[in-house]
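Below is one structure, written out as structure tokens; the observations come after it.
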Amino acid sequence: MHHRRPSRMTAVAVSLAIMASHWVAGSAQAQPRRGSGPPVVRDAEIEQLLREYTQPILKAAGLAKQNVQVVIINSRSFNAFVADGRRIFINAGTLMEADNPNQVIGVLAHETGHIAGGHLSRLREELRVATTASIIAMILGGAAMIAASRSGSANTGQVGMAALSAPQAAIQNSLLAYVRSQEDAADRAGVRFLNATGQSARGMSDTFKRLADQTLYASRGIDPYMQSHPLPVERVRALEGLAKASPHWDKKDSPALQARHDLARAKLYGFLDPRDGVGRRYPISNNSLPARYARAIAMYRFGNLQGAMHQIDALIQAQPQNPYFHELKGQALLEGGRPAEAVGPLRRAVQLAPNPALIQIMLGQALLASNNKAVADEAVALLETAIRREPESPEAFDQMALAYGRKGDLARADLASAQASFTRGDLKTARALAGRAKSRFPVGSPGWVKADDIASYKPRVNPR
């Protein structure tokens with residue numbers, strides 16, 4: 001499991017996403033600084049599970065060919081949102097708090113409703129109008145303050161603020177009403193997709209009911225027109241009626257899917273909780289596979305590599321075909337300073353995993369860290385394969401640069417370093433490295449063209 005920040009998700013996109021689909025009224029997190037994004041969790045096991053959760057829903061929504069991806073945000077709050085037509089963002093806390101797969105699938109169905117309904121493009125148009133009106137309000141406010149100051153008025157600030165706030169409030173109410181109508185449409189679409197795939201909408205309904213209970217007190221006294229989502233009671237009542245009308249209301253998740261969900265939750269707790277938190281949630285008296293998984297992760301995270309190896313080997317013995325137990329062993333050994341020993345279990349994980357790109361990157365890292373020059377070609381082949389699936393992974397390009405450096409291919413090493421910086425959003429460093437790579441490649445060669453693309457790249461300015 002890895003934590004990183006995505007490369008080029010602008011603050012504008014994030015603010016749009018948060019307005020478009022916050023689950024709990026009033027729970028919006030602070031906006032990220034421009035040029036940064038929310039911290040992201042990358043994990044082959046959990047991403048594969050989410051991929052399987054979403055594929056039937058996307059197919060029912062007519063989005064199967066749009067390559068919609070689910071991105072996990074490292075936040076413990078219960079939330080999900082969409083920022084464009086290609087990504088659904090879901091907080092780690094949503095997965096950790098969901099008791100069963102159906103609850104997560106319900107969240108994903110709702111967010112798919114936003115994409116299928118074209119809500120993002122429509123909301124952008126609303127925001128475009130609002131931005132223009134905001135500029136007019138600012139001009140009017142500035143003019144009012146200038147007029148007041150020239151007249152010698154003592155309430156200059158109040159006059160200006162009144163001129164600014166009155167139009168802004170009208171704009172805000174208009175936008176929030178627009179978003180409320182989208183939420184209702186996304187709920188209805190989500191239930192429709194679940195029905196089409198033969199899945200229960202009970203999880204979606206139960207999720208909203210729980211959130212309604214959590215926010216009932218906070219919602220008292222709040223102007224219903226100032227909430228981006230319908231009031232909890234209203235929303236729960238409408239959604240519950242739709243969900244119960246489904247012929248699949250009583251359908252349960254399969255035991256195998258529930259078992260994988262429980263392992264994914266345990267993995268998140270093991271990696272994200274403090275040591276005492278893992279111990280309280282999964283005490284030694286709990287001998288279930290998820291509990292042992294979480295404790296093994298916590299052991300290696302907090303320095304007990306020997307104890308972790310004993311626990312992980314027991315997990316592998318219990319499920320020898322589980323690729324992610326082998327991956328965990330390799331990751332623990334790699335991060336424990338034993339990269340040569342990590343190669344074997346990581347190779348096995350790559351063989352077993354259905355989508356092993358992230359594991360391939362880790363295996364490439366282990367091969368290079370073992371200081372064996374003979375494996376540089378193998379590392380390059382692995383990383384090239386992984387990058388085709390993960391073209392925005394700076395870690396993959398970092399390892400590729402190291403591999404080419406070991407081979408003495410400085411042109412490709414510089415190019416890979418430039419690509420790593422580019423995917424991180426560090427354009428200054430990327431351009432400098434790309435310029436150096438260009439000087440090493442023959443003019444017009446494929447490597448020279450790639451380097452030139454980076455060296456001459458200019459970010460597109462979002463139109464206002």
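Keep in mind that this is a model prediction, so the values were computed, not measured. Quick note: numbers below take in every heavy atom, side chains included, and nothing from hydrogens, waters or symmetry partners.
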**Q.** Nearest non-hydrogen partners of R292 and N287, listed with the distance
**A.** CD-O, 3.3 Å

Q) Partners of F325 by ring-ring contact (aromatic ring centres under 6.0 Å, His included), sequence neighbours excluded? A) Y293

**Q.** Parallel, tilted or perpendicular: ring planes of F89 versus F81, cut at 30 and 60 degrees
**A.** parallel

Q. Is the side chain of S421 donor-acceptor paired with the backbone N or O of A418 at a distance under 3.5 Å, no angle test?
A. no

Q.
Could you report the tightest heavy-atom contact between A296 and Q311, atom names first, then the distance?
A. CB-CB, 3.7 Å

(Q) Within the 3.5 Å criterion, strictly below it, is a donor on Q48 or E52 matched to an acceptor on the partner's side chain? (A) yes

Q) With distance as the sole test, does K251 use its side chain to make a donor-acceptor pair with the main-chain N or O of G198 at under 3.5 Å? A) yes

Q) With the threshold set at 4.0 Å, does a side-chain nitrogen-carboxylate oxygen contact exist between R424 and D398? A) yes

(Q) Measuring from atom CD of E392 to atom CD1 of I387, what distance do you get when rounded to the nearest 0.5 angstrom? (A) 12.0 Å

Q. Are the side chain of R301 and the backbone of G270 linked by a donor-acceptor contact shorter than 3.5 Å?
A. yes

Q: To the nearest 0.5 angstrom, please state how far the CG atom of L257 sits from the CG atom of N100.
A: 9.5 Å

Q: Mark yes or no for whether T429, through its side chain, and D426, through its backbone, hold a donor-acceptor pair below 3.5 Å.
A: no

Q) Are any of the side-chain nitrogens in K267 or E327 under 4.0 Å away from the carboxylate oxygens of its partner? A) yes

(Q) For a quick test of reading the model, state the closest non-hydrogen atom pair linking L346 to A366 and the distance between them. (A) CD1-CB, 3.9 Å

**Q.** Set of residues satisfying side chain to side chain contact (heavy atoms under 4.5 Å, CB included) with respect to R348, sequence neighbours excluded
**A.** Q321, H326, Q351, L352

Q | Check: L50 and L95 side chains under 4.5 Å, non-hydrogen atoms | A | yes

Q | L194 side chain near S200 side chain, heavy-atom distance below 4.5 Å | A | no

Q: Give the minimum heavy-atom separation between N195 and S246, together with the two atoms involved.
A: OD1-OG, 2.6 Å

**Q.** Lys/Arg-Asp/Glu bridge criterion (N-O < 4.0 Å) met for R347, E378
**A.** yes

Q.
Can you see whether E335 engages Q331 through a side-chain donor-acceptor pair at a distance of less than 3.5 angstrom?
A. yes

(Q) Using 0.5 Å steps for rounding, measure from the CD atom of E45 to the CG atom of L358. (A) 12.0 Å

**Q.** Heavy-atom closest contact (Q103 atom, D99 atom, distance)
**A.** OE1-N, 2.8 Å

**Q.** Donor on one side chain, acceptor on other, R389 and N355, under 3.5 Å
**A.** yes

Q: List in chain and number order the residues that pass salt bridge (charged side-chain N to carboxylate O under 4.0 Å, His left out) with D273, two or more places apart in sequence or in another chain; answer none if no residue qualifies.
A: R76

**Q.** Side chains of D187 and H110, donor plus acceptor under 3.5 Å
**A.** yes

Q) Do V70 and E47 come within less than 4.5 Å of each other through their side chains, counting heavy atoms only? A) no

Q: Might you work through the side-chain contact (heavy atoms from CB on, under 4.5 Å) test for Q399 and Q365, ending with a clear yes or no?
A: CA-CA 6 Å; Q399 296 304 316; Q365 181 181 357; 3.7 Å; yes

Q. Near H310 NE2, under 6.0 Å, is it more than 12 heavy atoms from other residues, nucleotides or ligands?
A. no

Q.
For L108 and I88: C-alpha separation, side-chain torsions, deciding distance, then whether side-chain contact (heavy atoms from CB on, under 4.5 Å) applies.
A. CA-CA 8 Å; L108 296 171; I88 297 172; 4.1 Å; yes

Q: Determine yes or no for a side-chain-to-main-chain donor-acceptor pair under 3.5 angstrom, with D43 supplying the side chain and I46 the backbone.
A: yes

Q) Would you say the side chain of Q419 lies within less than 4.5 Å of the side chain of L433, judging by non-hydrogen atoms? A) no

Q.
What verdict does the side-chain contact (heavy atoms from CB on, under 4.5 Å) test give for Y53 and H261, after you've listed the backbone C-alpha separation in whole Å, the side-chain angles of each residue and the deciding distance to 0.1 Å?
A. CA-CA 10 Å; Y53 286 171; H261 178 80; 3.2 Å; yes

Q | P345 and L333, any side-chain heavy atoms less than 4.5 Å apart | A | yes

Q: Measure the spacing between CD of Q55 and CG of L63 and express it to the nearest 0.5 Å.
A: 13.0 Å

Q | R295 charged N/C atom sitting above Y282 aromatic ring, 6.0 Å / 45° | A | no

Q | Interatomic spacing from CH2 in W249 to CZ in R202 - rounded to 0.5 Å | A | 4.5 Å

Q: Could you please spell out the steps behind the salt bridge (charged side-chain N to carboxylate O under 4.0 Å, His left out) verdict for R42 and E390?
A: CA-CA 11 Å; R42 297 301 313 273; E390 294 287 339; 2.8 Å; yes

Q: State the OH-CG distance between Y404 and L383, to the nearest 0.5 angstrom.
A: 9.0 Å

Q: Taking the side chain as every heavy atom from C-beta outward, state whether I90 and I73 have any pair of such atoms under 4.5 Å apart.
A: no

Q: Would you check if F78 and T207 make a side-chain contact, meaning some heavy-atom pair closer than 4.5 Å?
A: yes

Q. Between I316 and N322, is a side-chain contact (heavy atoms from CB on, under 4.5 Å) present by the stated rule, with each step listed?
A. CA-CA 7 Å; I316 292 173; N322 187 321; over 6 Å; no

Q) If only atom types and distance count, is the side chain of S205 paired as donor or acceptor with the main-chain N or O of A201 below 3.5 Å? A) no

(Q) How close do V68 and R87 get, counting heavy atoms only, and between which atoms? (A) CG1-N, 4.4 Å

Q. Side chains of D262 and Q258: is there a donor and an acceptor less than 3.5 Å apart?
A. yes

Q) Are the side chains of H248 and T197 in touch, meaning some heavy atoms are under 4.5 Å apart? A) no

Q) Going by atom types alone, do S288 and N286 pair a side-chain donor with an acceptor below 3.5 Å? A) yes

Q) Are the side chain of T423 and the backbone of S393 linked by a donor-acceptor contact shorter than 3.5 Å? A) no

Q) Does R388 pair with E384 as a salt bridge, N-O distance under 4.0 Å? A) no

Q. Is a donor on one side and an acceptor on the other found under 3.5 Å between the side chain of N102 and the backbone of G203?
A. yes

